[in-house]
Amino acid sequence: MLLLMLALFTGVGMMFLWSSLTTTRSTIQPGENELESEFDNETETLQDTGLLSRLARRLGLESKQVQKALLIGIPGALAGGLIANVVWGWPVLIFAGLMAGGITPLWYMAGRQAKARLAFQEDLASAIDTLRTLLQFGGLGLTGAIAALAERGPQRLRSEFRTIYEDASLYGLEQALRLSQSRLSDPQFDLVALALITADRAGSRVGGVLDNLSRTIRANLSIMRQIQAEQVKQVLSARLVAILPLGIITLLKLTGSDYTTTFDTALGQIVLVIALGLMLTGYVMMRALSGLPRERRTFK
C-alpha cells in the first residue's frame, strides 16, 4: 500500500510539474524608451527595502494589510494545526496545517484586493468620462472639474477626488495628483494623472486623451475578466487533483483502515514530505505561469 500511495502522489506531482513547465504565457516587455522620473526611481528604491514591503508589493497590498493578515494568521495557524492533529496526527500534516492556516488570511485578502482593483478601474473609467464631459461642455477648469467629481463622481472615488481638490488648493494640482498616485498605486490612474499634469502645464485641452484612456481601461478590464473566467476552470481542476490524494488518505484514516498505518513510521513521513512537496511545487508553478502579467507602473 505504501508503494501505491507513493506512486499516486508522485504521479500527481509529476503531472503538475509537466503541465507547469509546458504551459507558456505571453509577457509584456517594457519599451526601451520608457519614461520614468527620478521620483519613480527613488520610490522603487525605498519600496525594495524590507521583506514585508516586497511581499506587499508582490501581492498588490499595503504593508499594513500584510501585517494585519499575518496577525490574523496566528490563530488561524493554531486552528489548522489542531485540526490536522485531530484528523491525521502525523507531524508532517500538522506542520502543513499550521502553514495553511497561517497563510489563509493573506491569500483571502490578496484575492479580495484583486477584485477591488478591478472595481476601482471600472469606476475610474466612469470618472474619466464624467471629467471629459465637464471639461468640454461644463465650462470648468481642471481643478473645478475635479471638485465636481468629488460631489458627482463614482461613490468609491469621491473621497479621493475631494482630497485631490483640497491638496491642489494647498500645493498645486501637479503635486496633488502625484500624492494621489502614491496613495492609489494604480497603473491606470498613473496615466490619467500624467495626462492631467501635462494638460495643466501646457494649458491645452485633454478631452481626446481622456476619451482614449477611458476606452483603453474598459478594453483592458474586458480582457482581464475574460481571461479570469477561463482560468477558473483550470484553477478548480488543479485544486481538485491536488486535494484528491489527500482526501483518499483522510477517508482511509477516518474509517480506521490499516492502510494508513504505514504513515505512522519515519519512512511514511518521508513519503508524505516528498508527495506534498511535489504537489505544492507543481501547483504554485501552474498558478504562476497561468496568471496574468503584472501591470507595470510607467509613471509614478
Side-chain angles (χ1 to χ4, degrees), residues 28 30-31 34-37 39-40 43 60-62 112-229 292-300:
I28 300 176
E34 184 178 69
L35 300 178
E36 293 187 357
S37 63
F39 175 77
D40 180 17
T43 304
L61 300 172
E62 298 179 358
R112 189 177 64 176
Q113 183 67 17
K115 295 180 180 179
R117 183 68 66 185
L118 292 179
F120 167 82
Q121 293 185 357
E122 186 172 354
D123 287 344
L124 180 61
S126 300
I128 293 174
D129 291 336
T130 305
L131 180 62
R132 177 176 56 84
T133 302
L134 291 172
L135 291 175
Q136 289 183 340
F137 307 106
L140 299 175
L142 283 176
T143 305
I146 291 175
L149 283 177
E151 300 296 332
R152 291 177 283 174
Q155 186 67 35
R156 282 176 289 194
L157 295 181
R158 290 182 182 180
S159 60
E160 184 62 34
F161 283 117
R162 187 176 298 109
T163 302
I164 294 175
Y165 175 73
E166 293 173 353
D167 290 343
S169 62
L170 296 175
Y171 314 115
L173 181 59
E174 179 175 346
Q175 185 62 27
L177 289 170
R178 293 191 180 279
L179 291 174
S180 182
Q181 285 181 267
S182 178
R183 288 191 300 269
L184 297 177
S185 299
D186 184 81
Q188 304 298 332
F189 184 81
D190 289 337
L191 298 176
V192 176
L194 175 67
L196 296 180
I197 291 173
T198 303
D200 182 57
R201 287 180 178 179
S204 59
R205 296 183 179 180
V206 73
V209 176
L210 293 178
D211 185 42
N212 291 332
L213 283 175
S214 175
R215 294 180 182 179
T216 301
I217 292 174
R218 294 185 189 279
N220 182 60
L221 288 173
S222 177
I223 293 173
M224 292 182 66
R225 287 195 172 96
Q226 291 177 7
I227 294 177
Q228 288 180 347
L292 291 171
R294 184 169 174 263
E295 290 184 282
R296 182 179 178 86
R297 296 188 64 190
T298 306
F299 305 97
K300 296 185 182 179

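All values below were derived from every heavy atom in this structure, side-chain atoms included, with hydrogens, water molecules and symmetry-related copies excluded.
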*asked:* Return the CG to CD distance between Asp200 and Glu174, rounded to the nearest 0.5 Å.
replied: 7.5 Å
_Can you tell whether the side chains of Glu166 and Arg162 come within less than 4.0 Å, N to carboxylate O?_
no
*What residues form a salt bridge (Lys or Arg N to Asp or Glu O under 4.0 Å) with Arg152, not counting sequence neighbours?*
none
*For Arg183, which residues count as a side chain to side chain donor-acceptor pair (under 3.5 Å) partner, sequence neighbours excluded?*
Glu160
*Atom CD of Gln155 and atom CG of Asp123: how far apart are they, to the nearest 0.5 Å?*
9.5 Å
_Side-chain heavy atoms of Arg117 within contact of Asp186, under 4.5 Å_ = yes
*What are the two closest non-hydrogen atoms of Leu184 and Phe120, and how far apart are they?*
CD1-CZ, 3.8 Å
*With sequence neighbours excluded, tell me which residues meet side chain to side chain donor-acceptor pair (under 3.5 Å) with Glu151.*
none
*Please check if the side chain of Thr130 supplies one atom and the backbone of Ser126 the other of a donor-acceptor pair under 3.5 Å.*
yes
_side chain to side chain donor-acceptor pair (under 3.5 Å) involving Asn212 - partner list, sequence neighbours excluded_ = none
*Nearest 0.5 Å, what's the CZ-CG distance between Phe189 and Leu196?*
7.5 Å
_Distance in Å, Ile146 CD1 paired with Phe161 CZ, rounded so as to fall on 0.5 Å steps_ = 7.0 Å
*Only counting residues at least two apart or in another chain, list the ones meeting salt bridge (Lys or Arg N to Asp or Glu O under 4.0 Å) with Asp129.*
Arg218
*Could you give the distance from CG (Leu177) to CG (Asp190), rounded to the nearest 0.5 Å?*
11.0 Å
*Do Ile164 and Leu149 come close enough that some side-chain heavy atom pair is under 4.5 Å?*
no
*asked:* Within this structure, what is the CZ-CG distance for the pair Arg215 and Leu210, rounded to the nearest 0.5 Å?
replied: 12.0 Å
*Without swapping roles, check the side chain of Ser180 against the backbone of Ala176 for a donor-acceptor pair under 3.5 Å.*
no
*asked:* Can you list everything that forms a salt bridge (Lys or Arg N to Asp or Glu O under 4.0 Å) with Glu122? Sequence neighbours excluded, please.
replied: Arg225
_Heavy-atom closest pair, residues Ala145 and Leu134_ = O-CD1, 3.7 Å
